[in-house]
Amino acid sequence: MGAHMEPQTAARPISLSERADELEERMMHELNAKIATKSALFNLADGNREMIGGAVLQAQNPGKYFLMGADPRLPKLPDKPTLLDFLKYRFVSASTNHLLQSATLALKAGHGEKVVLACLLHDIGVAGFIRCDHGYWGAQLIEPYVDEEVSWAVRVHQALRFFPDESVGYKYPDMYLKYFGPDYKPEPYIEEEYKRARKHKHYMTARLICVNDIYSFDPNAVVSVDDFVDIIGRNFRQPKEGLGFDNTPSSHMWRTLNWPTRFL
Ligand SMILES: [Fe+2]
Ligand SMILES: [Fe+2]
């Protein structure tokens, strides 16, 4: 085609119906033409050690490619997602509510901003990722963005919550008796973590997570993330590139939360 045709083609106005067709085509492609995959871990959680290989899966879905980006079933995150975006659009809402209740208690008790932030983030491992060892996962997610006191406290609340501290009126939670039975005893690594934590300079920050934790499951509590926007702003170093795109040791974890069903 002659070069003189190109400007004419490009300049031709696109009609509304053409625009709609184009949009529909794109949406069909995004909604139906991609194969979302479940990782090994999601299969393990169903008690399933098998995973269908890529070739078989594609043969079962003729004409389709694998999803290599955002899952259209989940809310789309902005290109440069913030902690608030993850709180609003990724984390399980019941868990987020629990986090907000914890942080609200800490705020009302007059604790400092680091304690409040630690309470606000203490269970983001559960809220967005995984229950097992959630304190460790949660700490790893936030470590590049918060004061060491905050991430350390989130990490060791994993262990501390199983051990009482009379000095702050913290008993072994009744809820754990109910959930795990009277015979449950934490593994040795949890006990070791507890012993180390007791001697740590930030022990009380982690302990206060536990204190504000056990009362924070009221389904009727009225809480709002708006109460914490300023505290997050002052204490969480939001990367300008967005969480996941800032090349820190936990960026890949935020990307995985963003795109949990990406093929690779
Ligand atoms: Fe927790
Ligand atoms: Fe909690």
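Numbering of ligands and ligand atoms starts at 1, following listing order.
One finds a salt bridge joining Glu143 and Arg155 here, because a Lys/Arg side-chain nitrogen approaches an Asp/Glu carboxylate oxygen to under 4.0 Å.
His122 has its closest N, O or S atom to the Fe ion (ligand 2) at the position named NE2. Note on His134: its N/O/S atom closest to the Fe ion (ligand 1) is NE2. In terms of distance to the Fe ion (ligand 2), the nearest N, O or S atom of Asp213 is named OD1.
For CZ of Arg131, the number of neighbouring non-hydrogen atoms (other residues, nucleotides, ligands) closer than 6.0 Å is 12 at most.
Donor-acceptor pairing under 3.5 Å is recorded for the side chains of Asp213 and His98. With hydrogens and angles left out, the side-chain atoms of Thr96 and Ser93 include no donor and acceptor closer than 3.5 Å.
The angle subtended at the Fe ion (ligand 2) by NE2 of His98 and OD2 of Asp123 is 90°, given to the nearest 10°.
Among the atoms of His157, no N, O or S atom is found under 2.8 Å from the Fe ion (ligand 2).
Between Trp254 and Tyr145, the ring planes are perpendicular. Angles over 60° get that label, and only those under 30° would be called parallel.
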